[in-house]
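For clarity, every value in this text was computed on a predicted model and none was experimentally measured. Every number for a ligand or one of its atoms is a count from 1 in the order of the listing.
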Amino acid sequence: MEDRYGRQIRSFRLSITPKCNLKCFYCHKEGRNEEHGKLMSADEIGKIVNSSLEFGVRKIKISGGEPLLRTDLPEIISYIKNEQIKDISLTTNGILLEKYAQKLKDAGLDRVNVSLDTLDPVQYKKITAGGNIESVKKGIEKAIEVGLTPLKVNFLAMDCTVNQLPAIMDYCRKIGAILQIIEFIPMEPELKHHHVDVVPIEEEIAKNADNVFTRKFMQNRKKYVIDGLEVEFVRPMDNTEFCNHCTRIRLTYDGYLKPCLLRDDNLVDVANPLRNGEDIRKYFIKCIHEREPFCKP
Ligand code: SAM
């Protein structure tokens, strides 16, 4: 199904918990700031994903909070697993990944994105309010070992992290990870000064790239190959190209369909209708109808 702007729906990003074991000062919490309603059960998440297939969803990303804090995560993955879903991935801070990587792989997870904004242990601790970078690195190693690949490192480009980029590139090249450079979205005005323009970074990488690909269905984002390292960019800010090619809908941890990360005024309750035994397809139609590019030309 297409929305009113002719954009197909292909990917579904599921937040499965608001809880996190880190406290990154910048976190956008997947656009659902306060703790609201009841968590969805694994079975409910499975049913909602199953219903989404009819509208074109073929890729699932599991997020949070920290999704590994849900002890029923393998069950959630096994409920989501479906022949029509081509890709189930998870975004995690990696702290608990070493312990759970094999279980997640066995449950049917395809790959992981691990958030890592710096390789400096002191800075990592500061950004995350106490996180131990060694646990993250061990988690990354384990995930690669069990085949949760291609593994992506999510690097948030901020004023305080950009100088880490060369080291992060070397690290990703060494371990065979894809590097995803993410533009910082300041959710509060007092965080605005952390924003850095990612365009010059992308231009520099483009200039030196050996190969460039366009990622269809992924907001037409570009992928560069530079000395064997794959580098992707996520630039959502003031980016009409990004919004024009967005194929993503979202599910909040408390069971609302969310047409756009950056808006909180057009959520569509789907978990309560499901609990009341309703046919939930009409809520997907409503959500897709509500979709509009956040950034219009
Ligand atoms: N806890 C998990 C993790 O660390 O990946 C999943 C949740 S976290 C919200 C998902 C992704 O959102 C991370 O890669 C993080 O870097 C990114 N993120 C968080 N706050 C952001 C912001 N203000 N702007 C851009 N990306 C952000």
Self-check item: Minimum-distance protein heavy atom relative to atom 11 (C) of ligand 1
Solution: Arg13 NH2, 4.0 Å
Quiz item: Tell me, which protein residue and heavy-atom name are nearest atom 22 (C) of ligand 1, and how many Å apart are they?
Solution: His28 CD2, 3.5 Å
Quiz item: Are any side-chain N or O atoms of Gln123 and backbone N or O atoms of Cys160, one a donor and one an acceptor, separated by less than 3.5 Å?
Solution: yes
Quiz prompt | For Cys27, atoms of ligand 1 separated by under 4.0 Å from a heavy atom | solution = 9 (C), 20 (N)
Quiz item: Should the pair Asp87-Arg58 be classified as a salt bridge under the 4.0 Å nitrogen-to-oxygen rule?
Solution: no
Quiz item: Using a distance-only test with no angle check, is there a side-chain donor-acceptor pair under 3.5 angstrom linking Glu66 and Asn93?
Solution: yes
Quiz item: Identify the closest protein heavy atom to atom 24 (N) of ligand 1: which residue and atom is it, and at what distance?
Solution: Ile185 N, 2.9 Å
Quiz prompt | Side chain, backbone, both or neither: Leu156 near ligand 1, heavy atoms under 4.0 Å | solution = side chain
Exercise. Verify whether one side chain among Thr252 and Asp254 offers a donor that lies under 3.5 Å from an acceptor in the other.
Key: yes
Quiz item: Can you tell me which residue and heavy atom of the protein come closest to atom 6 (C) of ligand 1, and the distance to 0.1 Å?
Solution: Gly65 O, 3.2 Å
Quiz item: Which residue and non-hydrogen atom of the protein lie closest to atom 15 (C) of ligand 1, and at what distance in Å?
Solution: Ser115 OG, 4.1 Å
Self-check item: Mode of Leu191 contact toward ligand 1 - side chain, backbone, both, neither (heavy atoms, under 4.0 Å)
Solution: neither
Practice problem: Give the single entry among Lys61, Glu66, Lys19 that approaches atom 2 (C) of ligand 1 most closely by any heavy atom. | Solution: Glu66
Self-check item: Protein contact of atom 8 (S) of ligand 1 - nearest heavy atom, named by residue and atom, plus distance
Solution: Glu30 OE2, 4.1 Å
Quiz prompt | salt_bridge(Glu30, Arg13) N-O dist < 4.0 Å | solution = yes
Practice problem: Might you work through the side-chain hydrogen bond (donor to acceptor under 3.5 Å, both in side chains) test for Tyr224 and Glu202, ending with a clear yes or no? | Solution: CA-CA 9 Å; Tyr224 304 91; Glu202 181 161 0; 2.5 Å; yes
Self-check item: Part of Ser63 with heavy atoms under 4.0 Å of ligand 1, whether side chain, backbone, both or neither
Solution: side chain
Exercise. Find out if a path of hydrophobic residues (ILVMFWY) with successive side-chain heavy-atom gaps under 4.5 Å connects Val234 to Ile181.
Key: no
Practice problem: Please report the closest heavy-atom contact between Lys286 and Val268, naming both atoms and the distance. | Solution: CG-CG2, 4.1 Å
Quiz item: Out of curiosity, does Ile226 fall in the hydrophobic cluster containing Val162 (side-chain heavy atoms, cut-off under 4.5 Å, transitive links)?
Solution: yes
Quiz item: Does Asp117, backbone or side chain, put an N or O under 3.5 Å from an N or O of ligand 1?
Solution: no
Quiz item: For ligand 1, is any non-hydrogen atom under 4.0 Å from Ile182's backbone (N, CA, C, O), its side chain (CB onward), both, or neither?
Solution: side chain
Quiz item: For the residue pair His194 and Phe184, does the interplanar ring angle fall in the parallel (under 30°), tilted (30 to 60°) or perpendicular (over 60°) class?
Solution: perpendicular
Self-check item: Element-labelled atoms of ligand 1 that are located less than 4.0 Å from some non-hydrogen atom of Asn93
Solution: 2 (C), 3 (C), 4 (O), 5 (O)
Exercise. Mind checking whether Asn154 contacts ligand 1 via backbone (N, CA, C, O), side chain (CB onward), both or neither, at a 4.0 Å heavy-atom cut-off?
Key: side chain
Quiz item: Heavy atom of Glu183 under 4.0 Å from ligand 1?
Solution: yes
